[in-house]
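Inspection log for the structure reproduced underneath, given as structure tokens.
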Amino acid sequence: MHPRRRANPHPSLRLIAGCIAVALASASTAAQTPAQETPQPSRTAPYTIVSPPPTRAQHAMVVSVHHDASDAGIEILKAGGNAVDAAVAVGFALAVVFPQAGNLGGGGFMLVRMHTGAAHFIDYREQAPAAATAAMYLDAHGNVVPDASTLGYKAIGVPGTVAGLAYAEKTYGRLGLARVMAPAIRLATEGYILSDEEATDLAAARNLAAFPASRRIFQRDGNFFKSGDRFTQPELAATLRRIAADPKTFYTGAMAAELAASVQQGGGLLTAADLAAYQAKDREPLLGNYRGYDIVTAPPPSAGGIVLLEILNILSGYDLARAGMQNITAPDMPLLGDRTPQQVHLIVEAFRRAYMDRADYLGDPDFVPMPVQQLTSPAYAAAWRKSIQPVAPSPSATLTRPAGFLPPPPSGAYLPAESTQTTHFSVVDAEGNAVANTYTLNNTFGSGVTAGALGFLLNDEMDDFTAKPGVPNMYGLIQSAANAIAPGKRPLSNMTPTIVVGPEVCPPGPSLQCKPGKPLLVLGSPGGSTIITTVANDIISILDNGLNVQQAADAPRFHHQYLPDVLQVEKAFPLGVVEKLRASGYTVSRANQADEHNPGVWGSSEMIYIDPKTGTLLGADDQRHHFGKAAGY
Ligand code: DON
């Protein structure tokens, strides 16, 4: 199956209510590549996403949550680097200019797809220190100790970012670490100008205030940074120079010793031996198919790819484009387009089922066996589909997994904590190499701890493990024993860097000389448990609904994660649709899932779409945050 050609709604960043006519026929006719560039005629919707136009470029593009980091990527591309060089440059630059989530002291995933078709998933997720135990966040009575896994030294997992970025550069880059780290070193040495939003983030962070070095560096000991101030980080600059000269110092050299000593002084578990044992892992990405496109995505220890493919597999049995138009004939139909009641219903039912499987089966693949193939098989999705009602929701409590596909799940449903900040960036170079990278400190500014005199923040990723069965976290996401804490284990993640790829191009006849498909879409997002539904909705908005990439990023989000059995929608989500969904039986919560500085919104899609007809790159920097940039040339 192929995506359908649909009209591009109007550009700007509001929802517009109006009225009417639609090329209904186009909903059921087939199979064209979505035309992002060429506006389609005839679809005027009563509600539409109004966004600025995507940023256009002819050769290469970098999209990240911070303009200085995007510019760093472009500088490296123009210096002859490939997409991996640029991505490594952006990763180090974000560690300077976006301390909320950009990091040296955290971890993440880099998905690389070269123009040859070869794809690699670099897993640089943090792992539990050797001294970690399954019950380490429980008190003598077996109760979870408040904040123990989110604030301070005991929350820190072995950081993976430096290993991951250095491995990526060495294995797939061209220019070498010293060159690609130069922009980050410059930004730390010379400083960068803080926007109002960034200054507010720094001043408001209670976890930074709790630790003297963090309070000194990021909050000027209470004389808080203001909008327009230049923020220089000399200690971080020195650390970056040392890493650029020899990245091994972070794991086995003098820096490792300093880092371990500073964490142990604070009561944390991290040792020099933990750092020496850490390795980034080059894993096979997961591969699926949706509407004729390959979906290259995150394998475990992310839950992201499995859940994403399960969602898309379930939905590929529906004509979602038609579902998006269906109510047009009903006079009381409130809204039309990317967020219609009928379409939202089908998507939510797919979310619910896929998250049920996430809850029961997933963990670190190096520690627990997982039925990945079965979970992502179209036959399993087809069996799930049979349980979806045409209009009414299936209550999560009554959901029964289709029999005969999966082994029994590991015992004990555990409830892990989620968090509020992470960051994603996307890069495409002039050769068609693409990188999707999502990395994190977990909570905003991580554990709040700065690594001694090294000038960088450390993660609280241990919180992504299960602390105790049956204790709800702030988002109520459920997981199984597969994600219990164990020494050296990596906590289950939702981060879902993904690349959507067009079909192979084969000459007519029995030739074996097919060319690999070209990347169509490079994407990912932060958002804790909402990451996977954000990525799924972005793909659906573009492939099924014909939104352009910026409109897809800006469309009001909705999320369901099986439990709690609540459909969560952003505050901008159309009320008329909420009413329809409530009438059909959904419990809907508006503005429930809060970004602490921007209640009622979540996620940040930083995406690149490559128009398959013209090759033009179209970048989308999510408008929910105000200092990002899609930069291209
Ligand atoms: O790996 C994970 O799934 C989480 N640590 C990500 C946290 C996150 O996305 C918070 N962002 N808004």
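Quick note: numbers below take in every heavy atom, side chains included, and nothing from hydrogens, waters or symmetry partners. Read the numbers this way: they start at 1 and go in the same order the structure lists the ligands and their atoms. Sequence positions, counted from 1, serve as the residue numbers for this chain.
Proximity of I531 to ligand 1, defined as any heavy-atom pair under 4.0 Å, is confined to the side chain (atoms from C-beta onward). The proximity of R125 to ligand 1, defined as any non-hydrogen pair under 4.0 Å, is limited to the side chain. Counting heavy atoms under 4.0 Å from ligand 1, residue D464 touches it through the side chain alone.
Using a 4.0 Å cut-off between a side-chain N of Lys or Arg and a carboxylate O of Asp or Glu, R125 and D123 do not qualify as a salt bridge. R401 has a carboxylate O that lies under 4.0 Å from a charged side-chain N of D357, or vice versa, which qualifies the two as a salt bridge.
Atoms of ligand 1 lying under 4.0 Å from at least one heavy atom of M495, given by number and element, are 1 (O), 3 (O). Every atom of ligand 1 is numbered from 1 in the order shown, and the set under 4.0 Å from a heavy atom of N494 is 1 (O), 2 (C), 3 (O). Residue-ligand proximity, N442 to ligand 1, at heavy-atom distances under 4.0 Å covers atoms 4 (C), 5 (N), 7 (C).
Within the 4.5 Å cutoff, the side chain of H625 has heavy atoms near those of the E197 side chain.
Remark: the backbone N or O of A130 is paired with a side-chain donor or acceptor of D274 at under 3.5 angstrom. Listed for the R113 side chain is no donor-acceptor partner under 3.5 Å among the backbone atoms of V500.
Between G528 and ligand 1, a contact under 3.5 Å exists for at least one N or O pair.
Taking each of L441, T422, I532, N459 in turn, the one with a heavy atom nearest to atom 8 (C) of ligand 1 proves to be T422.
The closest side-chain donor-acceptor pair between R557 and S605 falls under 3.5 angstrom.
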